[in-house]
Amino acid sequence: MPATQRDVRDRISSVKNIQKITRAMEMVAAARLRRAEQRIEALRPYASAIRRMTRQAAEAAGDLPRLPILQEHPETRNVGLLLVAGDRGLAGAFNSNIVRAGVAAAREQESEGRETSYYASGRRPASSLTFRGLELKQSFTGFSDRPAYADARRIAESLMAAYVDEEVDRLDIFYNGYISPLSQVVRRETLLPLQQATVLEEGSEDESDSEGDERSRDGAQPEGPGPLVEYEPDPEEILGRLVPDYVEISIYRALLESTASEHGRG
Amino acid sequence: MAHTNFRVEVLTPEGQVFNDEVELVSTRTAVGSIGILAHHAPVLAMLEPTELRLYKSESEVVRFAQAEGYMQVTGDDVMLLVEEAHPPSELDSGQLRDRLQQAERELQDAGDDTERRRVAERDKRRWETFLEVASA
């Protein structure tokens, strides 16, 4: 039956309604992205500075720390892998890139005779790992839309306990680093032990992603042994609090980078 | 006496709260109160909750209720990294008293030498200090 004028009018108005809804959804998505972007940009200078201070204090503290969180285990038998992605599954390669990178890293470790323990932040990486028949040590879910500092603290406490109790001897984290709404990059970082941490390899240059803080503060530090820095209290005592803060803030940054990436893609 | 000014930046996880030239920074480290003037020797310090005072001049002082953090003094500038920093006018004494009570309850329940006790003690000290700043 040919469409009557009335049918056509109804159809036009229905399409217009869909357009309105789509536009509203786009606006919500854009607002979420903007908020996520603002949060990560506010955090980056702080996180970079915490990491720089950790490096400086670690270099000053010497090799024989007393605190368990600062001690490198004699042997790396088990590597903890924290995969950070999203709770939802509609974000293209956002989730699968992380799972793929984590699983590849685990195979590499296992081929060198080490065991691995998976931790997941986000429902998607948790269910992907389970689906692949891989054992999940612990998962943290329900906040990937808007992670709070308390979420990062909970993850950090759990992972630091696993490290101190020698369930894991190293801790690597995988997340999508946010560059722009269309561009994310999978980042891998070693957080513990501090002696192997990525933060120690970052050299005297500022991290490339700390756009909010362009000055190189390390330039002001004398190079080489024995810079005349006063430590209050001594470096190891500072590290006792600084290292947990550095683990928390690094995880928080990963959660926020990941959230901004997810909103950009999603 | 006129002092030389130097740059001070105060950062929190939520962003920058202060970035300006000052004559004197007054805060508290784990060791005790500390005042930083221009050309101070390099320092890396752990900060305890206190009233942070940034003296732009003798008469113009910017105050913050400052939580735990760190301070790095390099050749010509000072950076403070703190978990929280609030202007006294933004503090809500009622809310702070609630938090203090909660920390005190936690402290009663927590066992000796547990992480829970340490966290509660830290919280208690922070909210006590913030209340003092709020009522000053």
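Naming: A, B, ... by sequence-line order, numbering from 1 per chain.
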Value rounded to 0.5 Å, distance of [atom1] in [X] from [atom2] in [Y]:
| X | Y | atom1 | atom2 | answer |
| --- | --- | --- | --- | --- |
| A:Tyr46 | B:Leu11 | OH | CG | 8.5 Å |
| A:Glu248 | B:Glu83 | CD | CD | 7.5 Å |
| A:Arg39 | B:Glu14 | CZ | CD | 8.0 Å |

Non-hydrogen atoms of chain A under 4.5 Å away: do they reach the side chain of [X], the backbone, both or neither?
| X | answer |
| --- | --- |
| B:Arg118 | neither |
| B:Glu68 | both |
| B:Ile34 | side chain |

ask   = Can you name the closest pair of heavy atoms from B:Met71 and A:Met53 and give their distance?
value = C-CE, 4.3 Å
query = If every non-hydrogen atom of B:Met46 is compared with every non-hydrogen atom of A:Ile238, which pair is closest and at what distance?
reply = SD-CA, 3.6 Å
query = Taking NZ, NE, NH1 and NH2 as the nitrogens, is one of them in B:Arg116 or A:Glu157 under 4.0 Å from a carboxylate oxygen of the other?
reply =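 Judged by the 4.0 Å cut-off on N to carboxylate O distance, B:Arg116 and A:Glu157 do not form a salt bridge.
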request  = Let me know if A:Leu256 has heavy atoms under 4.5 Å from chain B in its side chain, its backbone, both or neither.
outcome  = neither
task = Can you tell which part of A:Glu237 gets under 4.5 Å to a heavy atom of chain B, answering side chain, backbone, both or neither?
result =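 For A:Glu237, the contact with chain B is made by the backbone alone.
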task = May I ask you to test the A:Arg52-B:Met79 pair for a side-chain heavy-atom distance under 4.5 Å?
result = yes
Salt bridge (Lys or Arg N to Asp or Glu O under 4.0 Å) assessment of B:Glu48 paired with A:Arg241 = CA-CA 12 Å; B:Glu48 297 297 333; A:Arg241 193 159 94 192; 3.2 Å; yes
request  = Report, as yes or no, whether the 6.0 Å neighbourhood of atom CD on B:Gln102 holds more than 12 heavy atoms from other residues, nucleotides or ligands.
outcome  = no
ask   = With chain A, which of B:Thr12, B:Val43, B:Leu44 has the greatest number of heavy-atom pairs at distances under 4.5 Å?
value =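 Sorted descending by pairs with chain A, the first entry is B:Leu44.
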query = Can you name the residues that form a salt bridge (charged side-chain N to carboxylate O under 4.0 Å, His left out) with B:Glu128, not counting sequence neighbours?
reply =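 So B:Glu128 forms a salt bridge (charged side-chain N to carboxylate O under 4.0 Å, His left out) with B:Lys124.
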